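All residue numbers refer to positions in the sequence shown, counting from 1. Just so you know, these numbers come straight off a predicted model, no measurement behind them. All heavy atoms count here, side chains included; hydrogens, waters and symmetry mates do not.
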Amino acid sequence: MSSRRCGGGWRHLHPGFVGAKFAPHDFRRLFATELVNNGLPIHIGAALLGHLDIRTTRGYVAVFDEDVISHYQQFLARRRTERPEEEYRQPSHEEWTEFEGHFDKRRVELGSCGRPYGTSCAHEHACIRCPMLSIDPTMIPRLDELEQDLLARRERATAEDWQGEIEGLDLTLTFLRSKREQARIQRQGTVSLGFPAVPHRDPPLTDR
């Protein structure tokens with residue numbers, strides 16, 4: 001154990017840290033690791049650290065995936081013990097029917113809507129513009145038909161000088177083309193990268 005004078009006093013260094021250099025950001029990572037190791041769910045740690053993506057926080061903390069899952073389950077268990085018992089009951093037939101009906105209503109012409117349970121359509125069923133819409137790849141031909149219709153409407157709006165209509169149609173076309181491209185990528189599925197080719201090398205020559 002070595003000693004070093006610091007700020008008018010002495011501090012003792014563990015032999016394992018002799019010669020180690022720490023930056024301020026290292027202590028941020030240590031703080032994040034201590035939070036998660038002591039049972040704080042990683043998504044709350046991400047909020048405290050100001051991370052927009054939880055994967056950034058996962059790179060900060062020195063814990064295994066099973067530890068993250070275990071801590072999150074423990075957090076949920078503690079939260080459930082604090083909630084009133086009357087909130088935990090079997091749903092009625094009407095409530096269960098309503099719950100199932102929500103997912104039935106999420107099926108739309110072009111695919112499925114990803115809006116959460118208990119929420120209504122925020123875009124008045126303008127699905128092409130909605131970020132919650134997930135396109136069914138089999139509906140790509142239908143998107144092509146919609147694009148042709150929108151282009152025809154835009155041509156008419158241009159001839160009549162309907163500037164507001166043109167702006168709205170251009171926005172819809174942008175969303176449509178973006179979603180169509182996403183659906184095409186989804187239809188392609190997994191891309192095989194193959195195996196790297198190992199070049200053949202002749203054995204080295206040896207002197208006899």
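Listed by chain and number, the residues in a side chain to side chain contact (heavy atoms under 4.5 Å, CB included) with Pro24 amount to none (sequence neighbours excluded). Checked against salt bridge (Lys or Arg N to Asp or Glu O under 4.0 Å), Glu98 has no partners two or more places apart in sequence or in another chain. By the side-chain hydrogen bond (donor to acceptor under 3.5 Å, both in side chains) test, Asp149 pairs with no residue at all, sequence neighbours left out. Checked against side-chain hydrogen bond (donor to acceptor under 3.5 Å, both in side chains), Arg177 has the following partners two or more places apart in sequence or in another chain: Glu147. Judged as a side chain to side chain contact (heavy atoms under 4.5 Å, CB included), and not counting sequence neighbours, the contacts of Thr97 are His93. When the side-chain hydrogen bond (donor to acceptor under 3.5 Å, both in side chains) test is applied to Thr138, the partners found at least two apart in sequence or on another chain are Asp136. Residues meeting the salt bridge (Lys or Arg N to Asp or Glu O under 4.0 Å) test with Arg83, sequence neighbours left out: Glu87. By the salt bridge (Lys or Arg N to Asp or Glu O under 4.0 Å) test, Arg80 pairs with no residue at all, sequence neighbours left out. Residues satisfying the side chain to side chain contact (heavy atoms under 4.5 Å, CB included) criterion with Glu94, sequence neighbours excluded, are Ser92. Remark: Arg142 engages Glu109, Leu110, Met139, Glu145, Leu146 in a side chain to side chain contact (heavy atoms under 4.5 Å, CB included) (not counting sequence neighbours). Considering only residues two or more places apart in sequence or on other chains, Glu82 meets the salt bridge (Lys or Arg N to Asp or Glu O under 4.0 Å) condition with none of them.
Considering every non-hydrogen atom in both Arg28 and Leu49, the closest pair reads NH2-O, 2.6 Å. Across every non-hydrogen atom of Leu133 and Cys127, the tightest pair is CD2-O, 3.2 Å.
Counting heavy atoms of neighbouring residues, nucleotides and ligands inside a 6.0 Å radius, atom CD of Gln74 exceeds 12 of them. By the neighbour-count criterion of 12 heavy atoms within 6.0 Å, atom CZ of Arg78 is densely surrounded, having more than that number from other residues, nucleotides or ligands.
A donor-acceptor pair is defined here as one N or O able to donate and one able to accept, closer than 3.5 Å; such a pair exists between the side chain of Lys179 and the backbone of Cys130. For the pair Thr174 (side chain) and Asp170 (backbone), a donor-acceptor distance under 3.5 Å is present.
Rounded to the nearest 0.5 Å, atoms CD1 (Ile128) and OG1 (Thr172) are 8.0 Å apart. Taking CZ of Phe27 as the reference point, atom OG1 of Thr33 lies at 13.0 Å (rounded to 0.5 Å). Atom CG of Leu150 is separated from atom CG of Leu171 by 11.0 Å, given to the nearest 0.5 angstrom.
One hydrophobic cluster, built from ILVMFWY side chains closer than 4.5 Å, holds both Val108 and Leu143. Ile135 and Leu173 fall within a single hydrophobic cluster, where Ile, Leu, Val, Met, Phe, Trp and Tyr are joined by side-chain heavy atoms under 4.5 Å apart, directly or via other members.
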What pairs of donor and acceptor atoms, side-chain ones from residues 161-168 against any protein atom, are under 3.5 angstrom apart with sequence neighbours left out?
{"from": "Asp161", "atom 1": "OD1", "to": "Gln163", "atom 2": "NE2", "distance (Å)": "2.5"}
{"from": "Glu165", "atom 1": "OE2", "to": "Arg153", "atom 2": "NH2", "distance (Å)": "3.3"}

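Residues Gln148 and Asp144 form no side-chain contact, since every pair of their non-hydrogen atoms from C-beta on lies 4.5 Å or further apart.
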